[in-house]
> 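This is the structure I have questions about; it appears just below.
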Amino acid sequence: MGSQAHTALGILRWTWKTCFPKCVPVKELPRLPLILLHRPLCSSQLVPPLSTPAQSVRRELTMQSLTEMGFSESQAEMVYEAANKNRCKHDTPVLTVLFGLGLTPGSVLKVLEKCPELYSLKETQLQQRVMNLRKLGLLEGSLQRVISHYPQILSFPVKRVSAVSRVFREKCQFTAQQMADILRDSPHVLEEESAHLEYMFQYVYFRMGCSQAEMVKAKLYRVSLEELRCRHGFLERRGLYQTPDKKGQTLILNPRLKDFLSISEDIFLTSVANATQEEFNVFQKLVAREQEEEEQGEEYSSGDDNDNDDDDDDDDVTQRHVSFKKKTNQRARMPERR
C-alpha cells in the first residue's frame, strides 16, 4: 500500500471511529464500498443522526490518533499541544471538517497555526459555514485555496458573511459571480464595515467612472481606500485621469483601473504617472495634511452643533435624512457604464 493510500485510510479510520463508533468495526473498513466511507464526510443531511447518547462517544485526542490521521510525529505533537492549549482534550471537529475538504495534514496544520480559534468551534458551526461559502460561489478548488490562505473565513458567523454578500449584491449591484470572485481574491473584506465597503465602491463608480467588472479585474478590495484615493488623485492632478461625464466620455484616455492599481508603486510611478518618488512623497504628505484639516473641521463643527438648541438638532437630523434618501435614490438609478 502506498504512503498516500495509507494516509487516506488512516484519516477514514479516525473519522469513522469519531462519527460512527459502533456501526462498523475498524478492521472492516478496507472492504467497505467507497460510497459508505464518504458518508461521514458529507453534509449533515446525508448522515443519519446518532440515536442514543451512548453513541455520541467523545474519544480522547492522543498522539497515536493524530499519527493515524497522517500527521508526522512532529506535526502531531504541534497539533496535540495546540489542542490542549485551547482546552480540546477530545477529538476536535475542525480536523474532521478540514480533512473532509481534502486538505493534506500539512495544509491542516498551517490552517490551525494561522487560526487556532477554529479548535473551539463545533462541527455544526463549521459545516454550516462551509456550506454557506459554497452557496456564495466558492466551489471546489477555490474553497480549499481560500481556507488555506485565509482560514479566518471559517471564524465568521454565517450572518456576518451573508451581510457582506448583501452589500455587494444589493448596494453595489455586483453579480453573483463577481461577488464570489471578490470573496475569493479578497476574503478579508469580511473584516470591514459594510459602510466602508459601500463607500469604496461609490468612490470608484461615481468619482472615477469605473464599472463593476473593472473593479473585479483590478482586485479593488485588495488595496486600502487611502492608497486608492492617493493614486487616483495623483494621476488626476497631473492631468492623466479625468472623471467621465454623464455619457461616460472623457477628453483624455484614462488608464484602466487594473493598470494603475494592481501594480507596485515603482511601476505605477515609472509606467503610469511618469513621476519621481520624491514628487509622489510630497503629494502624499499634502493629502495627509488635507485629511487632517478635514477631520479637525469636522470636530470643530461637531462642537458647535452641541451648543445649538433642540430645534437646530432636529433640522440637522432632517437634513441628514434627506441627504441619505438622495444617495439611496442615486444608487437605485445607477446607469450602466461602457
Side-chain angles (χ1 to χ4, degrees), residues 137 142 149-150 164 167-169 171-189 191-294 327 330-331 333-338:
S142 295
H149 174 70
Y150 188 77
V164 173
V167 170
F168 284 131
R169 293 299 308 278
K171 301 292 186 180
C172 306
Q173 298 184 10
F174 286 106
T175 66
Q177 183 59 53
Q178 289 171 340
M179 193 220 63
D181 292 339
I182 293 173
L183 199 58
R184 181 196 63 210
D185 296 330
S186 311
H188 63 273
V189 294
E191 301 178 19
E192 302 289 346
E193 295 293 334
S194 298
H196 175 82
L197 298 174
E198 185 180 359
Y199 177 80
M200 195 166 183
F201 163 79
Q202 290 181 346
Y203 180 89
V204 178
Y205 190 90
F206 293 109
R207 183 73 174 79
M208 300 176 64
C210 298
S211 67
Q212 288 89 340
E214 291 175 296
M215 298 179 204
V216 174
K217 289 181 180 179
K219 296 178 172 55
L220 171 66
Y221 288 98
R222 280 191 176 184
V223 302
S224 64
L225 177 61
E226 291 73 19
E227 183 178 359
L228 168 69
R229 296 178 64 176
C230 200
R231 290 196 179 189
H232 167 245
F234 190 61
L235 292 176
E236 191 174 47
R237 295 192 187 186
R238 291 179 66 84
L240 300 175
Y241 200 99
Q242 189 177 77
T243 301
D245 59 21
K246 295 181 179 180
K247 296 182 180 180
Q249 298 178 342
T250 59
L251 299 178
I252 62 174
L253 181 62
N254 286 336
R256 292 178 298 182
L257 187 64
K258 71 181 186 68
D259 290 339
F260 71 86
L261 202 60
S262 304
I263 57 177
S264 66
E265 187 172 289
D266 291 339
I267 298 178
F268 167 72
L269 292 175
T270 56
S271 302
V272 182
N274 298 321
T276 64
Q277 184 68 55
E278 182 179 2
E279 290 174 322
F280 190 55
N281 291 340
V282 172
F283 176 77
Q284 287 178 311
K285 292 179 180 179
L286 290 175
V287 171
R289 183 183 303 173
E290 291 174 359
Q291 181 66 28
E292 183 179 355
E293 291 175 353
E294 289 179 3
K327 291 181 180 179
Q330 188 179 28
R331 287 197 300 269
R333 299 192 302 268
M334 282 193 292
E336 293 293 333
R337 296 189 184 276
R338 291 192 292 278

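Everything quoted here is computed from the prediction, not taken from an experiment.
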> Given Val272, which partner from the list Asp259, Leu235, Ile267, Leu240 fulfils the side chain to side chain contact (heavy atoms under 4.5 Å, CB included) test?
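So, applying the side chain to side chain contact (heavy atoms under 4.5 Å, CB included) to Val272 and each of Asp259, Leu235, Ile267, Leu240, only Leu235 qualifies.
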> Please find the pair of heavy atoms, one from Thr250 and one from Pro244, that lie closest to each other, and give the distance.
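Scanning both residues, the minimum pair turns out to be CG2-CA, 3.5 Å.
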> So how far is it from Gln277 CD to Thr270 OG1, rounded to the nearest 0.5 Å?
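Interatomic distance, Gln277 CD to Thr270 OG1, rounded to 0.5 Å: 10.5 Å.
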> At what distance, to the nearest 0.5 angstrom, does CZ of Arg184 lie from CG of Asp181?
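If we round to the nearest 0.5 Å, Arg184:CZ and Asp181:CG are 4.5 Å apart.
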> Give me the atom names and distance for the closest heavy-atom approach of Cys172 to Phe201.
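Distance-wise, the nearest heavy atoms are O-CZ, 3.3 Å.
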> Under 4.0 Å between a side-chain nitrogen and a carboxylate oxygen: does that hold for Glu290 and Arg229?
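Salt bridge absent between Glu290 and Arg229.
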> Would you indicate whether the side-chain heavy atoms of Phe234 and Gln284 approach each other to under 4.5 Å?
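They are not in contact (no side-chain heavy atoms under 4.5 Å apart), so the answer is no.
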> Determine whether a donor-acceptor pair (N or O, by modelled atom type, separation under 3.5 Å) exists between the side chain of Gln178 and the backbone of Val216.
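Side chain of Gln178 to backbone of Val216: no pair is present.
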> Determine, using ring centers only, whether Tyr241 and His232 are less than 6.0 Å apart.
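Distance test on ring centres: under 6.0 Å, yes.
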> Do Tyr221 side-chain atoms and Leu197 backbone N/O form a donor-acceptor pair below 3.5 Å?
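Yes; judged by distance alone, with no hydrogens or angles, the pair exists.
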> Could you check whether any side-chain N or O of Thr243 sits under 3.5 Å from a backbone N or O of Arg207, counting only pairs where one atom can act as donor and the other as acceptor?
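Yes, because the side chain of Thr243 sits within donor-acceptor range (under 3.5 Å) of the backbone of Arg207.
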> Quick one: does NZ or CZ of Arg231 land under 6.0 Å from the six-membered ring centre of Phe268, within 45 degrees of the ring axis?
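Yes, a cation-pi geometry.
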> Looking at every heavy atom in both Asp185 and Arg222, which two are closest together, and how far apart are they?
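Closest heavy-atom pair between Asp185 and Arg222: O-NE, 3.1 Å.
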> Please report the interatomic distance CG(Leu183) to OG(Ser142), rounded to the nearest 0.5 Å.
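If I round to the nearest 0.5 Å, the distance is 10.0 Å.
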> Please check if the number of heavy atoms outside Glu294 that lie under 6.0 Å from its CD is greater than 12.
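Check passes, neighbour count above 12.
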> Would you say the side-chain atoms of Glu279 pair up with the backbone N or O of Thr276, donor to acceptor, closer than 3.5 Å?
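Yes, Glu279 side chain to Thr276 backbone: donor-acceptor pair under 3.5 Å.
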> Out of curiosity, Leu228 CG to Met200 CE, how far, rounded to the nearest 0.5 Å?
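Reported to 0.5 Å precision, the distance equals 5.0 Å.
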> Between Phe283 and Phe280, how do the two ring planes meet: parallel, tilted or perpendicular, split at 30° and 60°?
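Phe283 vs Phe280 ring planes: parallel.
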> Considering all heavy atoms of both residues, which atom of Ser262 and which atom of Lys219 are nearest to each other, and what is their separation?
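Here Ser262 and Lys219 meet closest at OG-N, 4.5 Å.
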> To the nearest 0.5 Å, what is the distance between CZ on Phe168 and CD on Gln173?
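If I round to the nearest 0.5 Å, the distance is 14.0 Å.
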> Are there over 12 heavy-atom neighbours, none belonging to His196, within less than 6.0 Å of that residue's NE2?
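Buried by this count: over 12 neighbours within 6.0 Å.
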> Enter the distance from Phe174:CZ to Ile182:CD1 here, rounded to the nearest 0.5 Å.
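The CD1 atom of Ile182 is 4.0 Å from CZ of Phe174, to the nearest 0.5 Å.
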> Taking everything shown except Ile252 itself, do over 12 heavy atoms lie less than 6.0 Å from its CD1?
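Count over threshold, so yes.
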> Please assess Leu251 against Gln242 for the test side chain to side chain contact (heavy atoms under 4.5 Å, CB included), listing each intermediate value before the final yes or no.
CA-CA 8 Å; Leu251 299 178; Gln242 189 177 77; 3.5 Å; yes
> Just wondering, do Lys217 and Arg256 contact through their side chains at under 4.5 Å, heavy atoms?
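Side chain of Arg256 against side chain of Lys217, heavy atoms only: no contact under 4.5 Å found.
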